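What you are looking at is a predicted structure, and each value in this text was computed from that prediction instead of being measured.
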Amino acid sequence: MTVHAAPRLVQRQLGRLLRSKVAGDDAPARAQRIWGAEGERWFTPDDPVWRVHADASMFPGGVTSLLLQMLHPMAMAGVAGHSGYKSDPWGRLQRTSHYLATTTFGTIEHAEESIAMVRSIHERVRGKDAFGRPYRADDPRLLMWVHVAEIDSFLRAFQTFGDEPLTDEEADVYVRQAGVPAARLGVVDPPQTVAELREVLQAYRPELETTDAAREAARFLLLDPPLPLLARPGYGVIASGGVSLLPAWARGMLGIPLPDVVTSFVARPLGHLGTAAVRWGMAGLAERRPSDQPTSSPRPPDGNDDLVGVPAAS
């Protein structure tokens, strides 16, 4: 093995490990369906939503999103009671990543199919939260909370850990574009600008409460992830970046003892390191990322059977 071949092998092995965890062992086949299909798409590689969802910053952003969503008791009850996040955490992640990939990069036909499938699942998810209040997963208000917590987290992650942050105008476009599949899923009047997004998030504050289930899920996500011991330090670096993006009030509600000074000077630099490592590893799976493709052709380069870039890249 040559001096140059060894780093390339390590890079490719890291990329394959990341992809298998986030997108599943059948990721190449799923990628072929997404990129190989002919048909109109909602977005192009030049669009902000494509750039954000194709970036390695989605890894820490995904951690932020999960932690933030846990603070709504009804959302947390749905996760605890129906998602199998403990018994099948990687399966849940892979299903979520496939949904994001299909609705962002896939044809409109495939995106609509994926949305219809999720809607049918939501219709069956019902129960009571920790305070005995009934909830249903297809409740438009609950769907709105999940949506805004998610895209706010992804946007914050990209603006913090991405190679080239969006301009203010592009960030507004991202919020508007992310609302396209959300509206079809059942979110009523999703926010159209960053200002509207932050207003909606603020309006949910009175509904957010700490529950035992939320604290347990946060501990599972941050302290006891389903990974081998050797892989946990790398995951911890990424998770630190995700935690650093949480507002101080959210960290306090979840019982995460991370003062602002530690967030700024320890957790966030670790997030930069972790995101850079993910970006390097995923880049080893192909010559270019999906976001690097010409606007006229959404397919990955010929000869590459691996999709690279994001947790959503399944």
Side-chain angles (χ1 to χ4, degrees), residues 11 14-15 17-19 21-23 45 47-69 93 96-97 100-101 104-105 148-175 177-178 194 197-198 201 218 221-222 225 227 231-248 250-251 256 258 260-285 288-292 307-314:
Q11 181 186 31
L14 174 61
L17 174 63
L18 290 167
R19 186 191 61 184
K21 291 297 185 184
V22 172
D47 284 318
V49 70
W50 188 300
R51 290 166 55 193
V52 172
H53 292 178
D55 190 68
S57 60
M58 288 285 284
F59 280 75
V63 173
T64 309
S65 173
L66 291 174
L67 291 170
L68 192 57
Q69 289 173 19
L93 176 61
T96 301
S97 73
L100 282 170
T104 303
F105 311 122
V148 296
E150 181 176 88
I151 66 170
D152 182 71
S153 298
F154 294 164
L155 180 58
R156 287 181 186 275
F158 187 80
Q159 298 297 74
T160 302
F161 302 125
D163 279 339
E164 186 177 347
L166 303 177
T167 64
D168 290 345
E169 181 179 356
E170 289 172 334
D172 285 341
V173 174
Y174 169 74
V175 173
Q177 290 178 334
V194 174
L197 170 63
R198 302 284 154 75
L201 280 167
L221 182 65
L222 300 177
L227 288 168
R232 291 193 178 192
Y235 172 82
V237 170
I238 294 171
S240 294
V243 170
S244 77
L245 298 174
L246 281 172
R251 297 197 306 271
I256 300 174
L258 201 66
D260 288 342
V261 64
V262 178
T263 298
S264 300
F265 294 103
V266 179
R268 190 149 297 174
L270 286 174
H272 281 284
L273 177 64
T275 305
V278 169
R279 187 174 288 117
W280 179 74
M282 298 302 284
L285 295 180
R288 293 177 291 175
R289 297 176 297 171
S291 55
D292 296 327
L307 185 63
V308 297
V310 297
S314 57

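- Residues Q177 and T104 form no side-chain contact, since every pair of their non-hydrogen atoms from C-beta on lies 4.5 Å or further apart.
- Taking both residues in full, the closest heavy atoms of V278 and A56 are given as CG1-CB, 3.7 Å, listed atom of the first, atom of the second, then distance.
- Looking at V52 and L166, their side chains come closer than 4.5 Å, going by heavy atoms from C-beta outward.
- Nearest heavy-atom pair across D55 and R279 is OD2-NH2, 3.0 Å.
- One finds the OG atom of S57 at 11.5 Å from the CD1 atom of I238 (value rounded to the nearest 0.5 Å).
- Shown here for L155 and V175, the closest heavy-atom pair between the two residues is CD2-CG2, 4.4 Å.
- Residue pairs meeting the salt bridge (Lys or Arg N to Asp or Glu O under 4.0 Å) criterion with at least one partner in residues 151-161, sequence neighbours excluded, are D152-R156, D152-R198.
- Distance OG1/T160 to CG/L245: 5.0 Å, rounded to 0.5 Å.
- Taking the salt bridge (Lys or Arg N to Asp or Glu O under 4.0 Å) definition, one finds that R268 meets it with nothing, sequence neighbours left out.
- Shown here are the side-chain hydrogen bond (donor to acceptor under 3.5 Å, both in side chains) partners of E150, two or more places apart in sequence or in another chain: there are none.
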Q. Going through the distances and angles, do V243 and L67 end up as a side chain to side chain contact (heavy atoms under 4.5 Å, CB included)?
A. CA-CA 8 Å; V243 170; L67 291 170; 3.9 Å; yes

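- Heavy atoms only, all atoms of each residue included: E170 and P165 are closest at OE1-O, 4.4 Å.
- In this structure the side chain of T275 reaches within 4.5 angstrom of the side chain of P60, judged on heavy atoms.
- Nearest heavy-atom pair across S153 and G61 is CB-O, 3.6 Å.
- For S65, the side-chain hydrogen bond (donor to acceptor under 3.5 Å, both in side chains) test picks out Q69, with sequence neighbours left out.
- A heavy-atom distance below 4.5 Å is found between the side chains of R251 and D260.
- Summarising the geometry, atom CG belonging to L246 is positioned 5.5 Å from atom CD1 belonging to I256; distances are rounded to the nearest 0.5 Å.
- Qualifying salt bridge (Lys or Arg N to Asp or Glu O under 4.0 Å) partners for E169, counting only residues two or more places apart in sequence or in other chains: none.
- Under the ring pair (Phe, Tyr, Trp, His ring centres under 6.0 Å) criterion, F154 pairs with H53, sequence neighbours left out.
- If you take OG1 on T167 and CG on D172, they are separated by 8.5 Å, rounding to the nearest 0.5 Å.
- One finds the CG atom of L258 at 8.0 Å from the OG atom of S240 (value rounded to the nearest 0.5 Å).
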